[in-house]
Every structure is written in structure tokens, then in C-alpha cells.
Protein chains: 2
Amino acid sequence: MAKVSMREVADRAGVSVGTVSHVVNGSSRVAASTARKVNEAIDELGFVRNAAARQLRSGHSSSLGLVVLDTSNPFFASVAHGARQACDEAGLSLLIGDSGTDEVRESKYVDLFAEQRVNGLLVTPTGSDLSQLESVAGRGTPVMLVDRASRGYALSSVTVDNVAGGRMALDHILAGGCTRPAFIGGPQSLPQVADRLLGARGRAEESGLELPVFGTEELTILAGRNAGEKVVALPDGERPDAVFCANDLLAVGFMQAVLMFSDLRIPDDIAIVGYDDIDYAFSTIVPLTSVRQPAELLGRTAVETLLQENASVSHEHHDREFTPELVVRGSTRPI
Amino acid sequence: MAKVSMREVADRAGVSVGTVSHVVNGSSRVAASTARKVNEAIDELGFVRNAAARQLRSGHSSSLGLVVLDTSNPFFASVAHGARQACDEAGLSLLIGDSGTDEVRESKYVDLFAEQRVNGLLVTPTGSDLSQLESVAGRGTPVMLVDRASRGYALSSVTVDNVAGGRMALDHILAGGCTRPAFIGGPQSLPQVADRLLGARGRAEESGLELPVFGTEELTILAGRNAGEKVVALPDGERPDAVFCANDLLAVGFMQAVLMFSDLRIPDDIAIVGYDDIDYAFSTIVPLTSVRQPAELLGRTAVETLLQENASVSHEHHDREFTPELVVRGSTRPI
DNA sequence: CAACAATATTGAAACGTTTCAATTCATCGT
DNA sequence: ACGATGAATTGAAACGTTTCAATATTGTTG
């Protein structure tokens, strides 16, 4: 119950501390009879190895830190899941910190993990200033940006091409014959949002169209519903005939507003495209067309790339970018 | 970049290691000028405190471990959120492990956290055998069961009364005038599911009614949809006029099946009650009546109770039980 | 200005493991 | 029976902090 160290185990089993260590770590050549004696002593005394001492001596931590924006967003839940799997396979444990888009908390977790001497740190940063991360990386903790490009900072990153995704969404909307598209989303300080808009607007302008923006404060269902209420209240001539939402939560909320507060039909009167393709997108009453991001793969690749970079001698930074994929469902006209 | 310890900082600042420690830990009385010198040295050298050494010496870890069934289930996401907040307030960090209802992985995380000497361990166990947890608790790591009663084991617990919740659901269904209720859910090896059924069935029998069960393998949207397809295919006389689903994900899937594969109206032809009241329940096209569990409060209380027990001398076990609350929405007839 | 109190700083001993060179022990070939 | 060989075990030195008694430095007061 109290303090049981290898010392006590060794005494009880009548061997030296070194031998106990060997037994506990399985590996080394220890006589079967000795191993048995030691294991009995361990059970009898209820010995639990002290990870702090182990790590202090060995210098390793065998864990990775992940700091995400928001665990309750299904997209990040998937990223975490993929990262977890990759860690399992590498025999590492994954410690998760949830910043809740709070820069202070994010910073706290980054420091905590650095002190913990994690083998690496995966971060989706909230703000635009990445200098803390750069400095942490400089002090010996490898950092990998997740879902955020390294633009100008000496950091590695794994991202999905948001500009291409935005373009895809608009491409599909225009191919369906819509002529008055709009963008729903915000805040534009999030690069994810800004880039999706950039790609979408670029494509719209190629067809000689404007792309009006209905801004939101957050990327939540409620924000989407509020935006939807405004849109459906517009007179027929001014109302968009298609909206591209910066993420699926917005799209779900928007759809609710359309169904609750108007007689507009989806997709005939108004088409809706979301982003992320979260599991719930498939579960809305009018199944949602969405730009799918390979969320689990993103998490998995972030871990794997980080481990690779750790293993290699050269300390280059890599920027890995995935391409999103359009998933067409009932909320838009097919082709 | 390489190893920078307090030794190097001390040399650089021209003070002793002890003084550096005092500066780093803020607290003690150190002359302002000395503190400045030390801090400069820290910045110049990029010193990062070694948590392992700190913990080894002090014996404390200032962190809590949480092992949940499934991070991607919004209910558990909320539990984790509540726990995180309570930890923040207590100045602890929360490490999350996701067992994915895999007993082996659960056991791995429990061991990992025990070796880490966490101040406490919050676990929602997958299986029925809690002896590993009891033994870990006996070896000095306080354990708190979350959303799982301690029945027979010498462990503390924080739960929500599932029997009462089940009864509530049926009560509401019967008050709405339904006469052929059914239960959707499984596996019954999960105490959460079994207890909800128990409460519901008890209430049904008081009104002289049967409560047929449509079993599911998992508590997911897809499983709910499959169950729903079976139910709507039944002939008019045999089909339930109300279903109580073991959780909201099932209810959402069930609702989809009703809307996609039948002309039945909700709630007039078939009423639906879910469980958990996750955020998405409010977001389904027919807003879902659900038995709300105070998920965040559950997580918060688990942490707070654990810390209280740690602080007290007596090592009693506490079982704290909350009562759920019915939230009536459009998927059932009001009163 | 001496004596004392209050405040700053130092030094060194843990904390519990891993690791590796050194030592002991058993086995085998000749 | 005797080294030689290899396997099993031991001992002790780190790892980098915290902590606390001891010491040094200042400031205050009669």
C-alpha cells in the first residue's frame, strides 16, 4: 500500500535490485526460477513500477502529446482516433490536451508536455502566432502542426488542401446549375475557414459570379441555424440557390433553419454543401453533400511523420498535404 | 538544444542549483535581482524543467487519469469536458485514455496511469470484472468508477440512476396515450442498458403492458437504423406505437429509418424517446425527446469526490448517484 | 557599533529506476 | 581435473529535481 520499490522486492526475493529490473523489463537473460521468485514477491508486495524514476534514468517517455482545438467536434475526435491508432502500433501512449480554442490553455498544455519530455507534440494551434511552438521545437521537443500549414515557421505540418476543397464545393454547386451561390462561415481568422472561402471564391469568379459571405462567430450548429434564418428570410430574387458551409455543423444548423422556417425544398430551391463529412452528416434528414477530409488519416500521418523525422538524422521539416474529396448526397443535385 | 539542466542554468547565472529551483517554483523568497539573473540564464539556455525528476523527488504527479469507453460518443465527450474543467480548477492536468470498449486496452491504460502515479484514476469499465481496478486501488492509486456502480466492489462511484431514467421514459410514453411501447438497445451486458430496460419494463408492467425488446449489438446510429427498418416493416397491429431507445445515437438512427422507409408520422404514429440528451438530439429534424443525464456534472463530480476522498484521512468509499431528467421535444406527444 | 533578527543563498542528501562493467556460477571439452 | 566459455547475477553510478538544515548576507535597534 505504502511505498514498495524494487528494493523491497529484491529483499523479499533474495536477489539484487538489478535482477528485479531485468525481470520487470522481460528482456534480459534471467533464470526461470529467479524470475518466478521475483514475480511472486512483486505480487505479494503489490509493487508498481515508478514511471518517473524509469524515465528520469532512461531519458525516454514513450508518449506523444496531442493538443486539439475541441474534442467535442467530431472532426477532431476522428483526428485523435487516427493518432491514437498510430501510437498504439508504435507502442506509444497518446496524451490528449483540449485547448477549447483558448490560447492560454493551449500554451499550458504545450509546456506541460514539453516538461514531460514527450517524444513529440502534435498541435492544432488556435492563434496565428506560432513562436512558442517554434521555440519549444528549438528546445528539443519535435513539433508537428496538424490541420495547419507551417507558412513561414520552421515547423513540420500535415494538412488538407482547404483551397482545393473550397474549389471542389463550388465546382459541384455550379455543375448542378446553381447561379447564386453563397458562403456561410467564420471567423475568418481561422485559416481553415479563410482558405475554403478563397478556393470557393476563386472558382465562382471564374464563372463570373460573386460569392457573398454570411459570416458566423463559431463553427457550430447553432451558428448555422442563425445564419440559415437570415438567408431564408431573403426575398426570392436575392436568396442564394446554393450555400457552401465552412463545416458540417454549420450545414446541419442551416438545414434545420431551412426546414423549420421555410417551405424551400432541398436541394431544388436551395442546395447545401458542408465540409468535413462527419458521421452525423450522413444522419441528417436530407443527407448532406460534404467535402470529406481524411480525418483519421491526418492524425495517423501526423504521428507517423513525426516518428520518422525523429528517427532520421537530418532535421528537415516536412509539409504533407492531402487532397479532400467530394461526397455527393441528397442535399445537392447530382452532377 | 541538448541537455540543459538546472546545473547549467545555475552556473550561467552564478548561483546554486537550489536557488534556481526556488526561482523556477516561484514561491520562495528570492531576491529580485537574483531571480532576474536566473530567468535570463533560463531563456538564454532554453531550459525546460524535467517533470520526471521533479516528480520522482516530490512523489507527486499533479495529474489525473481518465479512461473512457469511447471518446467519439458525445456523452463521454461531455463527461471528459466536465472532468477537465474540475481538473483545471484544481490545478491538475487530465490525461485521457480511450479504451474503445476494449478490455485489453483499458487494462493497459490503467497500468500506465498507475505507474505514472496519477493522483487518481477515473474509469468507466468495459467488462464486468473489476478486480484489476480493486487491486490497483489497493496498491495506492485511488479509483473512481464513472457511470458504473460499484456493486460489491470496494470502489467509489459516481452514477446516474438508470433504472429511474428508464421508468421516466416509459412514464412519459404511457402518459402520452401510447399502448404498445417497445425497447430498442443492447448489448445487455452493459449495465447502463440493462438498468434502463429494467426501469422501463417495471413501469410498463405496472400498467399491465409487455415491453418487447429489439436488441442491438452496439449503441450507434447505424444499429438504430437497422432496428428501425425492422420495426417499420411490421404490420400495423403488431408495430409499437412508441419506442424507448437505450441512447440518443440509436434514437437518431431509428428516426431516420422511420422517415426514410415509411410514411409513419412522428410522434403521431410512432413516438421516440432517446437517452443522454446529447447536443445532436436537439438537432434532428424532429427534435428528440430524451432522458437527460448531467454528463458534465458527472465528470466534474467524479473529480471533485476523488480529490475530497484523497484529502480525507478515512478511506471510505462513496457512491454518488444523480437523477436524470426528462426533456420533452417533438418526437413524443406532450403530456 | 554591537548584537540580533530577518532574509537570501548554499550544499548535499534523497527519490527509484536503468545500465553496464565486474563478478560469480555452472558447464563443457580435452 | 582444469581452464575456457558462456550464462546469470550483482553493485554502484548516474539521471535532474526538491527540500531543508546550515550558512551567509543584510537590515534594524538599543
Side-chain angles (χ1 to χ4, degrees), chain A residues 1-39 41-42 45-63 111-112 114-118 139-141, chain B residues 1-39 41-42 45-63 111-112 114-118 139-141:
Chain A
M1 178 95 62
K3 33 145 203 182
V4 177
S5 72
M6 283 192 176
R7 179 75 258 146
E8 281 78 44
V9 175
D11 288 350
R12 173 96 167 207
V15 300
S16 77
V17 177
T19 301
V20 175
S21 176
H22 287 140
V23 172
V24 168
N25 293 305
S27 53
S28 211
R29 64 251 182 184
V30 180
S33 61
T34 311
R36 198 169 38 72
K37 272 191 304 181
V38 171
N39 281 319
I42 288 178
L45 297 171
F47 167 73
V48 179
R49 180 172 54 187
N50 183 321
R54 173 191 182 70
Q55 175 181 335
L56 172 58
R57 169 59 222 217
S58 68
H60 289 305
S61 77
S62 74
S63 63
D111 279 344
L112 177 71
E115 288 188 0
Q116 216 100 270
R117 298 289 191 275
V118 292
R139 293 171 184 191
T141 302
Chain B
M1 176 94 66
K3 33 145 203 178
V4 177
S5 71
M6 282 190 175
R7 177 78 260 145
E8 281 78 42
V9 175
D11 289 349
R12 175 95 168 208
V15 299
S16 77
V17 178
T19 301
V20 176
S21 175
H22 287 140
V23 172
V24 168
N25 293 303
S27 53
S28 211
R29 63 249 183 188
V30 179
S33 62
T34 311
R36 197 170 38 72
K37 273 191 304 183
V38 172
N39 281 318
I42 287 177
L45 296 171
F47 166 73
V48 179
R49 178 172 54 187
N50 184 320
R54 172 192 183 69
Q55 175 181 336
L56 172 59
R57 170 59 224 216
S58 67
H60 289 305
S61 76
S62 74
S63 63
D111 280 343
L112 177 73
E115 288 188 1
Q116 217 101 270
R117 298 287 191 276
V118 292
R139 292 170 185 193
T141 302

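These figures come from a predicted structure and were not determined experimentally. A note on names: the letters A, B, ... follow the listed sequences, proteins ahead of strands, and every chain is numbered from 1.
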Mind listing the closest non-hydrogen atom pair of B/Gln116 and B/Ser61 along with its distance? O-CB, 3.8 Å
Minimum-distance pair of heavy atoms, taken over all atoms of A/Val30 and A/Ala35: CG1-N, 4.1 Å
Touch class at under 4.0 angstrom, heavy-atom based, for A/Ser5 against every strand present: sugar-phosphate
Where the side chain of B/Ala31 is defined as all heavy atoms beyond and including C-beta, which of D/dA8, D/dT10, C/dT9 is the nearest nucleotide? C/dT9
The answer to which of A/Met6 and B/Thr34 contacts DNA chain C further toward the 5' end, by nearest nucleotide, is B/Thr34
Which listed nucleotide (C/dT10, D/dA8, D/dT17) is nearest to the side chain of B/Val17? D/dT17
Does the D/dT17 base have a donor-acceptor partner in the side chain of B/Arg57 within less than 3.5 Å? no
Quick one, B/Arg117 with A/Val48, criterion side chain to side chain contact (heavy atoms under 4.5 Å, CB included). Give me CA distance, side-chain angles, the key distance, then yes/no. CA-CA 9 Å; B/Arg117 298 287 191 276; A/Val48 179; 3.5 Å; yes
Write down the distance between CG (A/Asn50) and C1' (D/dC15), rounded to a whole number of angstrom. 13 Å
Would a distance-only check, ignoring hydrogens and angles, find a side-chain to backbone donor-acceptor pair under 3.5 Å from B/Glu8 to B/Ala41? no
Report the residue (B/Gly14 or B/Arg117) whose heavy-atom-nearest nucleotide on DNA chain C is the more 5′ of the two. B/Gly14
Interatomic distance, B/His22 atom NE2 to B/Arg29 atom CZ [nearest 0.5 angstrom]: 8.0 Å
B/Phe47 side-chain proximity, nearest of C/dA8, D/dT17, C/dC15: D/dT17
Nearest to the side chain of A/Thr19, heavy atoms from C-beta on, is which of D/dT10, C/dA8, C/dG16? D/dT10
Under 4.0 Å, counting only non-hydrogen atoms across every strand here, what does B/Ser21 touch: a base, just sugar-phosphate, or nothing? base
B/Ser58 has a side chain; which of D/dT18, C/dG16, C/dG11 sits nearest to it? D/dT18
Nearest to the A/Val30 side chain among D/dG16, D/dT17, D/dT9, which nucleotide is it? D/dT9
When you measure from the side chain of B/Arg54, which nucleotide among D/dT17, C/dT9, C/dT18 comes out closest? D/dT17
Heavy atoms under 4.0 Å, any strand shown: does A/Val15 hit a base, just sugar-phosphate, or nothing? sugar-phosphate
Considering only D/dG16, C/dT18, D/dT18, which nucleotide approaches the side chain of A/Asn25 most closely? C/dT18
